[in-house]
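Scroll down for the structure; my scribbles are underneath it.
Counting convention: from 1, in listed order, for ligands and their atoms alike.
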Amino acid sequence: MSGWSHRHVLDLASFSREDFAAVLDLAQQFRSLPITGARKLPALQGRLVATLFFEPSTRTRSSFELAAKRLSADVMSFSPSSSSLSKGESVLDTARTYVAMGADVLVVRHRSTGVPQQLALDLQQMGERTVVLNGGDGLHSHPSQGLLDLLTLTRFFSPQHPMPEALQGRRIVIVGDILHSRVARSNLWALTACGADVVLCGPPSLVPEDFAAFVDAPPPGLLKDPVPQRGKISVVRRLEHALPGADAVMTLRLQKERMGQQLLTSLKRYHRDFGLSHERMQLCGEDVPVLHPGPVNRGIELSGSLLDDPRVSLVEEQVRNGVPTRMALLYLMAASESATEASLVSSSS
Ligand code: CP
């Protein structure tokens with residue numbers, strides 16, 4: 001934990017393997033805590049976490065709020081429809097309002113790419129200590145989802161020790177609407193950092209060929225990749241070719257709200273070509289798990305019976321893992337903040 005250097009958590013491109021290991025280790029510890037009896041840990045006592053979701057959410061927002069409460073933080077949530085945004089207040093002024101009320105952490109979701117990053121920069125330039133956690137921005141990044149998916153996968157392969165090494169050399173297939181998916185982008189950084197080879201599968205309109213080179217250049221803003229050796233990414237057009245040899249399959253929601261043009265001829269045809277079912281999953285072999293970040297379009301990305309089959313579907317497990325993963329993120333940020341404060345006190349004394 002001493003090596004944790006992320007003041008804000010805005011994407012996973014800048015995470016090293018050690019960063020992923022730190023989150024997984026803590027999340028596993030939080031996951032092992034009994035959920036009956038004394039549910040709360042005092043780590044964030046006296047801290048204020050505000051969830052600013054300018055776009056709808058069920059899982060991310062609730063689980064960040066529950067995670068903050070489990071660490072004894074105070075929590076404020078914000079609802080765009082009943083806020084002063086409707087009177088023309090800007091996103092930055094909204095955020096500043098919560099900072100003025102003492103928010104230590106802002107968890108921000110916005111439909112436009114870059115909003116959490118811009119807020120973090122603006123607040124920092126104003127000299128504010130408040131840290132920003134990205135709860136999902138546009139098509140760019142959904143770091144806490146990428147981390148909870150990583151916990152789910154590493155726990156599947158190594159239930160007692162969910163470390164990055166558990167994914168080394170694994171073949172992980174991601175199917176569907178990669179183009180519009182911030183979840184896919186976060187997973188690409190996370191999975192390849194852990195040494196997994198990722199196969200992207202979908203039609204050219206949703207999986208452009210250049211995604212194969214997604215992690216080839218250093219992450220944006222960095223001169224050097226913090227991960228010396230990443231797994232490979234490939235693009236495969238047919239599910240029948242992608243599934244054999246898969247160790248896990250993740251399918252993604254078709255993001256109809258982000259599709260500006262007609263990218264699919266029909267949903268029925270999409271399900272026929274790319275929908276997952278028990279029959280399709282037989283191409284992978286035995287005991288290959290299916291993940292989906294939710295919300296699910298039942299019968300489109302995967303059949304209802306596959307989604308509800310606990311022998312194969314890790315979808316509820318992903319939701320369960322969201323809380324300890326977000327506890328780990330909040331804890332690491334609070335710990336690094338305390339370390340900064342401690343070093344400021346010692347250097348000024
Ligand atoms: N996976 C995910 O981000 O779900 P929500 O939109 O419900 O938060």
Decide salt bridge (Lys or Arg N to Asp or Glu O under 4.0 Å) for D137 and R185; before the verdict, give the C-alpha distance in whole Å, the side-chain angles of both, and the deciding distance to 0.1 Å.
CA-CA 11 Å; D137 67 313; R185 287 172 174 83; over 6 Å; no
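Looking at T152 and D149, their side chains never bring a donor and an acceptor atom within 3.5 Å of each other.
Residue-level contacts of ligand 1 at the 4.0 Å heavy-atom threshold are S57, T58, R59, T60, R109, H142, Q145, P293, G294.
Under 4.0 Å is where a charged nitrogen must lie from a carboxylate oxygen, and between K69 and E65 no such pair does.
Annotation: ring pair (Phe, Tyr, Trp, His ring centres under 6.0 Å) contacts involving residues 115-156, sequence neighbours excluded, are absent.
A heavy-atom distance below 4.5 Å is found between the side chains of V9 and F15. Side-chain atoms of T154 and L167, non-hydrogen and from C-beta on, do get closer than 4.5 Å to each other.
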